[in-house]
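Data block below; observations after.
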2 protein chains.
Amino acid sequence: MLNYQLLLEEFKRILKEKRLKFTKQRELILQTLYENEGHFSPEEILSLIREKMPNIKIGIATIYRTLALLEEQGLAYSISLGKEGKKYELGLKTHHDHLVCIGCGKIIEFFDEVIEARQEEVAKRFNFLMQEHIMQLRGLCSECQKKKK
Amino acid sequence: MLNYQLLLEEFKRILKEKRLKFTKQRELILQTLYENEGHFSPEEILSLIREKMPNIKIGIATIYRTLALLEEQGLAYSISLGKEGKKYELGLKTHHDHLVCIGCGKIIEFFDEVIEARQEEVAKRFNFLMQEHIMQLRGLCSECQKKKK
DNA sequence: CTTGATGCAAAATATTTGCATGCTC
DNA sequence: GAGCATGCAAATATTTTGCATCAAG
């Protein structure tokens with residue numbers, strides 16, 4: 001996993017480059033994404049921050065504005081599939097993909113070089129500058145297959 | 001691409017099984033997803049239907065309700081990316097994955113046999129019974145790359 | 001000091017729900 | 001007919017925006 005200091009430096013660098021300001025709120029949002037594995041809605045991020053820092057003044061509008069900024073800069077990305085609303089996750093993480101068991105919810109991480117290489121090729125084929133990818137294989141893990149029988 | 005009659009039969013079969021009713025509105029929504037390539041928001045689907053059948057009585061609530069139903073049954077998928085809100089597309093299509101531009105929200109569909117085959121192998125390696133997979137390559141499309149410069 | 005950032009509340013959107021009525025089955 | 005589906009409008013939820021004020025650079 002990327003070191004937080006590096007991530008923070010990168011964020012500051014981007015802000016400086018765009019002549020935007022580094023604020024406590026912006027830092028907290030980045031930090032929250034960093035410290036919490038998983039995907040969060042703007043509301044959830046706000047709760048996490050208020051839980052951790054009950055005295056900080058921060059509103060939902062700032063969360064939205066900052067997440068949009070982070071996403072534009074590739075430091076975060078959002079995704080929504082199925083029923084759930086839009087969720088944000090930190091970008092720049094060590095890459096990995098997931099096998100997700102729809103029976104018990106277990107998540108297995110994996111990494112496959114052949115797929116990775118091939119994804120690069122696909123991106124090139126479409127003249128795409130790939131920054132991230134998401135891959136989830138969904139199905140039943142071995143235990144849940146047994147249960148079904 | 002799957003034949004529309006077959007798709008419709010499948011839909012009717014599911015409805016019967018769940019003791020739900022087959023209505024003109026439900027059919028139109030399915031048909032609209034079938035006839036229009038691409039990804040649409042509920043509002044867009046409503047417009048497409050009203051455009052094609054100016055006399056039909058149909059409200060946005062029905063669109064939402066039907067899309068949720070279709071998604072539950074695997075006949076449609078929703079996906080949301082970057083700025084854009086949630087978009088629906090027909091399920092049961094020939095399988096494909098997505099390139100998503102985080103600059104403009106454009107979605108490009110692609111299919112790569114090598115990746116598909118490899119996914120099967122990964123699943124096998126973990127003794128996983130794969131039922132579906134989600135893959136998104138996220139980055140900047142060629143136009144948005146130009147804009148950034 | 002200048003300029004962008006923030007919180008707040010209001011506004012704009014998007015989505016869901018209750019209910020009287022209409023349609024399938 | 002019985003019971004689900006629909007449209008409509010109201011209720012919610014989500015996201016964006018205007019503006020006075022604050023604070024980073």
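A note on names: the letters A, B, ... follow the listed sequences, proteins ahead of strands, and every chain is numbered from 1.
- Applying the 3.5 Å distance criterion, the base of dG4(C) shares no donor-acceptor pair with the side chain of R65(A).
- Separating the CD1 atom of I29(A) from the P atom of dA5(C) is a distance of 12 Å, rounded to the nearest angstrom.
- Here the side chain of E71(B) pairs a donor or acceptor atom with the backbone of S78(B) at under 3.5 angstrom.
- Summarising the geometry, the separation between CD1 on I63(A) and P on dT14(D) is reported as 15 Å, rounded to the nearest angstrom.
- Among the protein residues, I58(B) comes within range of the sugar-phosphate backbone only, with heavy atoms under 4.0 Å from sugar or phosphate atoms but none that close to a base.
- Taking atom CD of residue E44(B) and atom P of nucleotide dA14(C), one finds them 10 Å apart after rounding to whole Å.
- Distance F40(A) CZ to dT14(D) C1': 19 Å, rounded to the nearest Å.
- In this structure, F11(B) atom CZ and dT24(C) atom P are separated by 14 Å, rounded to whole Å.
- Under a hydrophobic-cluster definition in which Ile, Leu, Val, Met, Phe, Trp and Tyr are linked whenever side-chain heavy atoms come within less than 4.5 Å, directly or via other members, I29(A) and Y4(A) are assigned to the same cluster.
- Proximity note for P42(A) (side chain, C-beta onward) versus dT15(C), dA9(D), dT15(D): the nearest is dT15(D).
- Taking atom CD of residue E43(B) and atom P of nucleotide dT15(C), one finds them 8 Å apart after rounding to whole Å.
- A donor-acceptor pair under 3.5 Å links the side-chain atoms of Q145(A) to the main chain of N127(B), judged by distance alone.
- Note on E121(A) versus K124(A): no salt bridge recorded, every NZ/NE/NH1/NH2 to OD/OE distance being 4.0 Å or above.
- Going from atom CG of L69(A) over to atom C1' of dG4(C) covers 12 Å, rounded to whole Å.
- A single hydrophobic cluster is seen to contain both L20(A) and I14(A), as judged by linkage of ILVMFWY side chains at heavy-atom distances under 4.5 Å, directly or through other members.
- Computed from coordinates, the I56(A) CD1 to dC22(D) P distance equals 16 Å when rounded to whole Å.
- Using a 4.0 Å cut-off on heavy atoms, the residues of residues 19-28 of chain B that approach DNA chain C are K21(B), F22(B), listed by number.
- Dashed line: the shortest gap from a side-chain N or O of Y64(A) to OP1 or OP2 of dT15(D) is under 4.0 Å.
- Checking each of L75(A), L67(A), L48(A) against L33(A) for a side chain to side chain contact (heavy atoms under 4.5 Å, CB included) leaves exactly one that passes, namely L67(A).
- A cation-pi arrangement is not found for K87(A) relative to F40(A), the charged atom failing to lie both closer than 6.0 Å to the ring centre and inside a 45° cone about the ring normal.
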